[in-house]
Each structure stands twice: as C-alpha cells, then as structure tokens.
Engineer: 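Please find one structure pasted underneath; my questions will follow.
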Number of protein chains: 2
Amino acid sequence: MKSKRENIKECAARLFRQKGYKATSMRDIAQEVGVEAASLYNHIKSKHELFQELLLQMANLFTKGMNEINDSSYTPLIKLEKLISMHVKFAVEYTDSISLITHEWVHLEGNSLEEFTELRDSYEKKFEDIIKDCIDQGFFSPVNTEIALFSILSTLRWLYSWYSKKNDINPVELEKEFIHCLLDGLKKK
Amino acid sequence: MKSKRENIKECAARLFRQKGYKATSMRDIAQEVGVEAASLYNHIKSKHELFQELLLQMANLFTKGMNEINDSSYTPLIKLEKLISMHVKFAVEYTDSISLITHEWVHLEGNSLEEFTELRDSYEKKFEDIIKDCIDQGFFSPVNTEIALFSILSTLRWLYSWYSKKNDINPVELEKEFIHCLLDGLKKK
DNA sequence: GTCTATACGCTGATAGAC
DNA sequence: GTCTATCAGCGTATAGAC
C-alpha cells in the first residue's frame, strides 16, 4: 500500500515534469492529489523539500548502480553495457523523476544543489574512466573520451522523453538497440 | 549599433537560460539591462512576447539552414556533415537562446507553441529522411533510423552546455570531432 | 488530518508625471 | 523614454476550528 506521502511525491513529479518546478503551484499538486493545498503540509515540509527529495533519490539510485557495476569484475566493455541497461531500466521505471535530473535541477538550492552536482560529477567521472579503460584494453579505437562520454550521456538522458512517446516499444529490444547504437561505433574494427 | 530592444532580448535570454523562464522576473531583466521594470514595456509588449520571439527566431534559423542544406545537390552523407556543422556554429554563436529550445519551450502558449512544435517536428522529419537516404545509397549500414536520429539530435542538443563549460576548445576542431564521433559509427565497414 | 481563512511578498503590467 | 506609484492576482505557507 502506497503512503499518502508517496502519492504526493508521484503527483508532484508528474506535474514538475509537465510544467516545470517553478510553474507548478502547491494548489496544482493538491488538485492532482485530491485535497486542499493546506493539507499537503501535514505530509511535507515545503515545496522545495518535495523537489529535492525527488532529485536526490534519483541521483542516489544512479550512484548506487554505478558503484555496483564499477566494483564488479566485468570487462569495461561489459560495464558500459550494464550502465546503458541501467539507464534504460530507470527511464522506463521512473520516467517522471528522471526528467527532473536533466531539466529542473537548476532550481535546487543550498546544500541539496551542492550534493546533487557532486553526485552527478562523480558519476560522470567514473563513466569516463570506464571508457578510457575500454580504449586502454583495446576494446575501443582511440577517441576523444570526453566527446564520447558526452555523446553517450546526452543520448541516455533523452531516453525517458523518447520512451514516453513510443511506449509500445519493448524495453528489452530498446536496450539491445541502444547498446548496439551507442557502443558499436566506438569499437575497434 | 545594438538597439535597446536587442539588448533587452540578449539579457532576457541569458537570464531565462540561467534561472528558467518562470523563475525570471521582469525586475530581474530590468536590473540586468540597467533600467526600471516599467521602462521595459516601452520596448516590448510582454514577458511572453520576449520569450516566444527568442524561441521562434532560433527555430526559424534552424529551419532555414535545414532547407538550404536539404535543397542542395550534396550527397546525404555530406548533408549530415553540413547539419552537424550548423549545430556547432549555432551553439557557439547563440549559446543562450539555443538552450531555451531544449529546456524551456514548454512555457510557450497558444499559437507560438503550435508554431514551434510544427517547426521542430518538420526539422526532425527532414533529418531522419536524410539518414534514410544514407542507408538507401549505401553510406550507412542498415540501422534503426529513429534511434540513430534520436542519438544524434540528443548529442547536438547538449552541445551548447558542453561548449560553455569548455570554451577553450576550437570550434573547428570541435566540428571535426563531432562529425567523426556521430557519423563514423554508422558507416558501412 | 482535513478543512477554511488568511497573511503577506512577489508577479506582470499600467497610469501618469517629467 | 524613463521614472515612481500602484494595482490585482497568485505564490507559499501558517493558524486554528472541526
């Protein structure tokens, strides 16, 4: 059974995604939940708390997934495949919250902004290191790792929007296509 | 000499990018320009007019560029290279306004929203058709054109943010790297 | 826990003096 | 064209009855 608080968070995520954080009012959220705005404050402290919780939860999920994959004994190439698979999985499972990571994080304030950007930067660094390993170990031809990272991450970040347009697509199929499309171009011939 | 109106638009674009459209107030813009908020209304009709002008201007630039390239007699592969080159050029030249295209267009209203999405959809369709031509004429191996389009466009859409982080990079070099990175993976071996 | 009532700051925009 | 003064409306959030 979903708690009232969980329900509020889901409604908020949906609206934040559709209209943006700043353009979504507490009255909007209340209407979506089916109560008056004042009642929301029995379950949450503020609008911003709601927002930062959504964002940091996602950032922590990605960090946890990255650490598990990175600490494994897979080859770096397999690690990249696992990472892509994780992004596809999250895009399907958390379509709304995940959109906030790409678009709305600028509205974070204070500690939560700092925490978020640290998690993100550290994630990106680990991702790039794995690409470097792929080159060092002869899986990839030598490319500009920064551009390769940037290109892969950009595509993965837009996955959620693309998936919501075409949700007739089988996630397993999607994953296969993406691994092929993002990695095969980098491989040594 | 820059008109006052042009100056207001530039200041607004910078702030819309940094804080988002909804979070930027007319008083913010006025401060950046160096006047009182009321004075802005001698040059513009409303905040939204300012916003939609910035967005539609960029959308029309892209459409114009696409049409010129598409109507040329280049091979589809060269057309793609020209398109990437155009994206790099615009990302360098219009860094602020271009960010609005990716992030802030949801705040468009009425006719301007309709006009914008039509321009964007038509742009994407033409882009995909060129990719299809590349496959048909044997430049690319047969791939899922939708995913290829999506992957290329996602990367190009993030160019501006990446470029603002690393503006020590030579745009000409950048262009070469991107053409290599985005197209070589698709080519027939 | 939910409601109604309300505080009060900030918003986009206008009126009218200079 | 720019300013000061001002408006009506909406924003988040709280107080207190039930």
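Letters A, B, ... mirror the listed sequences (proteins, then strands); counts begin at 1.
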Engineer: Has B/Ser39 got a side-chain N or O lying under 4.0 Å from the OP1 or OP2 atom of D/dC3?
Structural biologist: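 Result: yes.
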Engineer: For B/Leu40 and D/dC3, give me the distance from atom CG to atom C1', rounded to whole Å.
Structural biologist: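 B/Leu40 atom CG is separated from D/dC3 atom C1' by 12 Å.
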Engineer: Expressed in angstrom and rounded to an integer, what is the separation of A/Asp28 atom CG from D/dC10 atom P?
Structural biologist: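 One finds 12 Å between P of D/dC10 and CG of A/Asp28, rounded.
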Engineer: Find the distance B/Ile29:CD1 to C/dT11:P and express it as a whole number of Å.
Structural biologist: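 Rounded to the whole Å, the gap is 11 Å.
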Engineer: So which of residues 13-25 of chain A are in contact with DNA chain D, with a heavy-atom cut-off of under 4.0 Å?
Structural biologist: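 A/Thr24, A/Ser25 - these, ordered by number, are the residues of the stretch whose heavy atoms sit under 4.0 Å from the strand.
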Engineer: Return yes if some donor-acceptor pair links the side-chain N/O of B/Ser154 with the main-chain N/O of B/Phe150 below 3.5 Å, else return no.
Structural biologist: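 Yes, the answer is positive, given that a donor and an acceptor are paired below the 3.5 Å cut-off.
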Engineer: Check the distance between D/dC10's P and A/Gln31's CD and give it to me in whole angstrom.
Structural biologist: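 Taking CD of A/Gln31 and P of D/dC10, I get 14 Å after rounding.
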Engineer: Starting from the C-alpha separation in whole Å, work towards a yes-or-no answer on side-chain hydrogen bond (donor to acceptor under 3.5 Å, both in side chains) for B/Thr63 and B/Asn60.
Structural biologist: CA-CA 5 Å; B/Thr63 301; B/Asn60 283 318; 5.0 Å; no
Engineer: Please indicate whether A/Lys187 has more than 12 foreign heavy atoms, meaning atoms of other residues, nucleotides or ligands, lying under 6.0 Å from its NZ.
Structural biologist: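 Yes.
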Engineer: In whole angstroms, how far is the C1' atom of D/dA13 from the CE atom of A/Met26?
Structural biologist: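 To the nearest whole Å, that distance equals 8 Å.
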Engineer: To the nearest angstrom, how far is A/Glu109 atom CD from D/dT12 atom P?
Structural biologist: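 Whole-Å distance recorded here is 13 Å.
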Engineer: Can you tell me how the ring of A/Trp162 sits relative to the ring of A/Phe178, calling it parallel under 30°, perpendicular over 60° and tilted otherwise?
Structural biologist: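 Judged by the thresholds at 30° and 60°, the geometry between A/Trp162 and A/Phe178 is perpendicular.
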Engineer: Atom OH of A/Tyr41 to atom P of D/dA13: distance rounded to whole Å?
Structural biologist: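 Roughly 4 Å, once rounded to whole Å.
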Engineer: Are the aromatic rings of B/Trp158 and A/His103 close, with centres under 6.0 Å apart?
Structural biologist: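 No.
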Engineer: Could you check whether any side-chain N or O of B/Lys19 sits under 3.5 Å from a backbone N or O of B/Thr24, counting only pairs where one atom can act as donor and the other as acceptor?
Structural biologist: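 Not at all, since once roles are kept as given, no pair shorter than 3.5 Å links the two residues.
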Engineer: Among C/dG12, D/dA5, D/dT14, find the nucleotide with the atom closest to the side chain of B/Ala38.
Structural biologist: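 Taking heavy atoms from C-beta onward, the closest nucleotide is D/dA5.
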Engineer: What are the residues of residues 43-50 of chain A, sorted by number, that bring a heavy atom to within less than 4.0 Å of DNA chain D?
Structural biologist: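 Within residues 43-50 of chain A, the residues near DNA chain D are A/Ser46, A/Lys47.
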Engineer: Evaluate side chain to side chain contact (heavy atoms under 4.5 Å, CB included) for B/Ile98 paired with B/Arg17, printing each intermediate quantity in order.
Structural biologist: CA-CA 9 Å; B/Ile98 227 173; B/Arg17 179 191 175 188; over 6 Å; no
Engineer: List the residues meeting ring-ring contact (aromatic ring centres under 6.0 Å, His included) with A/His107, not counting sequence neighbours, and say none if there are none.
Structural biologist: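 Scan of A/His107 (ring-ring contact (aromatic ring centres under 6.0 Å, His included), adjacent residues dropped) gives A/Tyr21.
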Engineer: In terms of side-chain geometry, is the basic nitrogen of A/Lys166 or A/Glu173 positioned less than 4.0 Å from the acidic oxygen of its partner?
Structural biologist: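 Judged by the 4.0 Å cut-off on N to carboxylate O distance, A/Lys166 and A/Glu173 do not form a salt bridge.
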Engineer: Rounded to the nearest Å, what distance is computed from the CZ atom of residue A/Arg27 to the C1' atom of nucleotide C/dT6?
Structural biologist: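 In whole Å, C/dT6 C1' and A/Arg27 CZ are 11 Å from each other.
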